[in-house]
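What you see is a predicted model, and the numbers here were worked out from it, not measured in a lab. Residue numbering restarts at 1 for every chain, and letters A, B, ... go by the order of the sequence lines.
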Amino acid sequence: MKITFPHLGYCSIPLKALFAELGHDVIVPPPITRKTISLGTRHGPEFACYPLKLGLGNFIEAMEMGADTLVMGGGIGPCRFGYYAQVQTDILKSLGYKFRMLVIEPPLGHAREVLAVARELKGEKSWRALIRAAYMALVKLRACDDIHQASLYLRPRVQDKAGFGRLYTRSLAVIDEAGSIKAIKSARAATLAKMYKIPRTDITPPKVALVGEVYLITEPAANLYIEEKLGNMGVEVVRHVWISEWLKVNIILDFLRLHRKESAEKLAKPYLSCFVGGHGQHSVGETLKAVRDGMDGVIHVYPFTCTPEIVARGIMHKIAAEHQLPLVCFSMDEQSGEAGFQTRLEAFVDILQRRDASKELLPHG
Amino acid sequence: MRIGLPRALLYYNFQPALEQLLRIDDAEVVISSATNKLKLEKGLALCDDEVCLPVKVMMGHVQSLLEQDIQALFIPRVVSLERKRYICPKFLGLPDMVKSNFGTSIPVISPTINLSWSKYKIWREGLRSAGPLVKSPWQLWRALGSAARVQEEYRQQLASALEVPRTGKRVAVLGHAYNIYDEYVNFGMLRNLTQLGVTPLTVENFSRVQINQGARGLSKDLFWSYGRDVVGAAFYCMRSRAVDGIILVASFGCGPDSLITEIIERQFADSEIPLMSIVLDEHSSGTGLTTRIEAFVDMLNWRDVS
């Protein structure tokens, strides 16, 4: 069994660890490039959202490298992601690939299916080994999230941005290589210490909240490396969507029926009073949170034609106008051009810096 | 009391029930007139560019109602029409979108509608949302019952269309009701087909049994009610050869339809029933659409000759 899965930012690191611990061969799809995008676009449905196409491209490239088992997430709607695995299976079969698709449905209400997939994945190993592997994957995920979070804070502040970028990439690689929980924990501590030691400027960077759809926020190749770009422009990005957090809330707490409405959803109530699928309500809530926390701006990223985010977007514009908060929306797909994106981002950052300058918080620059 | 009811979105599905329900009181129901250029333009000006066409049309209807001296708007929050299935997420946020577009100058009656609830719960929700509008709770209870009855009669009446012996060609025109029955949006597609001597059938013309039978061909049950109806009807047509051709109608950027069209097109790739898919948006041209439909019908007729 040669397992592969679609990319989602650095999630390939914990996923690789999970399957490797269970004794499977893991084929991590090559990083998302123009080739991946064009494969996904050529074979995927025209109006499907960007995540479907990129995932499809990942699967094709991984199967070219010999993968025969695909692991994919499921869902119960109303977001269309819940049907992606089925559509991707149809497409890949019609292309003549031989493979098995394992779909992990949300555990609540699909306990039997989830158990069947878990049994399949654990193979001959014991259930204890499965739990240990899952725990290790979670620790790795947590470590990656921590390193990334530190990078969001540090990148706009450090003097040597290029050097910092190299250190960040290396840090994730170190976590990837760590083979035991102890090693992961010490690698995390060591890299974080190294990151904080890099000399910084004394500028207080403007703070921007990055809100929107989880895939577009988490996968840098899909959002055209927005966090890195903003960091290099001297803007601190604050985001509230973290995969480890998301897993905790949506999978574990939900399964134990402990799901409390997160505060963002509560905040959103007066403007968008119910769940609209995906992260729509969350985006509205995060915008209000940004107002409350005195952020300098909000950036909204989502895949083109994503209905929940489009519903949210109209409402977010009203909130932003009410509170005079700079807001920019990027709806991304395979047509998104690097140069246009860069220009819009720079213009937005200019606005932030000018507003700051007029408040005399920042020297002109 | 004048209550405005926009002739858009699910109005086309639930017309009989809605009219029955809103008749309970001495309130006067103002239903906006058919979609026209002015309404669409108003809607376009009010909405974000990425919103789908039916929502833009909806906003245009709301705007035109507001110009007609109404005291309240009826815009329900439709969550689900059957157990474990949803409809498009935009219906969940619709009252909020309307409120954010038009401010709070006018009261919006927006009951949460979940037809998988018990009648008691639906009644309670109706009482809560309509507030002082309902004079007697008992009256609402009765109205709910009669609305359900009228709707069911209407559905059964439509679903018997397939039993009529066929005269000439039959083409299934499948898609969301708000695209199929809004003549302005689809440039009178159904009328066009009838004029060409073809009997158009819509999703409503298939019975629940037929749709369920068709939907069994899915690898995972679809969680969108209307999407499942379209797929079920299409698959049923493919197996039973009940029609000579299928036209799929979707609006540009429609999330569920992007996948449904893909699923159906793949299944029909080696079927003998021709399939054409049409995508509508505010830039669609009537002439282009008519030409495509004429070509499709010509092709159906030529198949007989060869």
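Other residues, nucleotides and ligands contribute more than 12 heavy atoms inside 6.0 Å of the CD atom of B:Glu67. Within a 6.0 Å sphere centred on CZ of A:Arg112, other residues, nucleotides and ligands contribute 12 heavy atoms or fewer. With a 6.0 Å radius and a threshold of 12 heavy atoms from other residues, nucleotides or ligands, A:Glu322 has its CD atom above the threshold.
Residues B:Ser258 and A:Arg80 form a side-chain contact, since some pair of their non-hydrogen atoms from C-beta on lies under 4.5 Å apart. Side-chain contact between A:Ser273 and B:Asp96: present, with at least one pair of heavy atoms (C-beta onward) separated by less than 4.5 Å. When side chains are defined from C-beta on, B:Leu259 does not count as touching A:Phe47, because their heavy atoms never get closer than 4.5 Å. Residues A:Pro308 and B:Pro89 form a side-chain contact, since some pair of their non-hydrogen atoms from C-beta on lies under 4.5 Å apart. Counting heavy atoms from C-beta on, the side chains of A:Cys274 and B:Thr112 never come closer than 4.5 Å. Side-chain contact between B:Lys84 and A:Ile76 is absent, with no heavy-atom pair separated by less than 4.5 Å.
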Verify side-chain hydrogen bond (donor to acceptor under 3.5 Å, both in side chains) between A:Tyr83 and B:Glu262, making sure each step is shown before the conclusion. CA-CA 12 Å; A:Tyr83 217 76; B:Glu262 175 76 14; over 6 Å; no
One pair to check against salt bridge (Lys or Arg N to Asp or Glu O under 4.0 Å): B:Arg266 and A:Asp90. What are the steps and the verdict? CA-CA 8 Å; B:Arg266 281 192 181 273; A:Asp90 283 355; over 6 Å; no
Please assess A:Ser331 against B:Glu50 for the test side-chain hydrogen bond (donor to acceptor under 3.5 Å, both in side chains), listing each intermediate value before the final yes or no. CA-CA 9 Å; A:Ser331 89; B:Glu50 277 181 45; 2.9 Å; yes
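Neither the backbone nor the side chain of A:Phe81 comes within contact range of chain B; no heavy atom of the residue lies under 4.5 Å from a heavy atom of that chain. For A:Cys79, the part sitting under 4.5 Å from any heavy atom of chain B is the backbone (N, CA, C, O) and nothing else. Within the 4.5 angstrom heavy-atom criterion, only side-chain atoms of B:Phe252, from C-beta onward, approach chain A. For a residue to count as touching a neighbouring chain, one of its non-hydrogen atoms must lie under 4.5 Å from one of that chain's; by this rule A:Ile91 touches chain B with backbone and side chain alike. Looking at B:Leu222, the atoms closer than 4.5 Å to chain A (heavy atoms on both sides) sit in the backbone and in the side chain alike. Proximity to chain A (any heavy atom under 4.5 Å) is shown, for B:Lys99, by neither the backbone nor the side chain. Heavy atoms of B:Cys88 lying under 4.5 Å from chain A belong exclusively to its side chain. Of the atoms belonging to B:Val279, it is side-chain heavy atoms, and not backbone ones, that fall under 4.5 Å from chain A. With a 4.5 Å cut-off on non-hydrogen atoms, A:Glu105 touches chain B through its side chain but not through its backbone. Residue contact with chain B, scored on non-hydrogen atoms closer than 4.5 Å, involves the side chain of A:Val87 exclusively. Looking at B:Asp257, there are no atoms closer than 4.5 Å to chain A (heavy atoms on both sides), in backbone or side chain. Interface remark: B:Arg77 contributes side-chain atoms only to the contact with chain A (heavy atom separation under 4.5 Å).
Under a 3.5 Å cut-off, the side chain of B:Lys220 and the backbone N or O of A:Gly82 do form a donor-acceptor pair.
The CD1 atom of A:Ile319 sits 8.5 Å away from atom OG of B:Ser100, with the distance rounded to the nearest 0.5 Å.
With respect to chain B, the highest number of heavy-atom pairs below 4.5 Å among A:His317, A:Lys318, A:Arg313, A:Gln86 belongs to A:Arg313.
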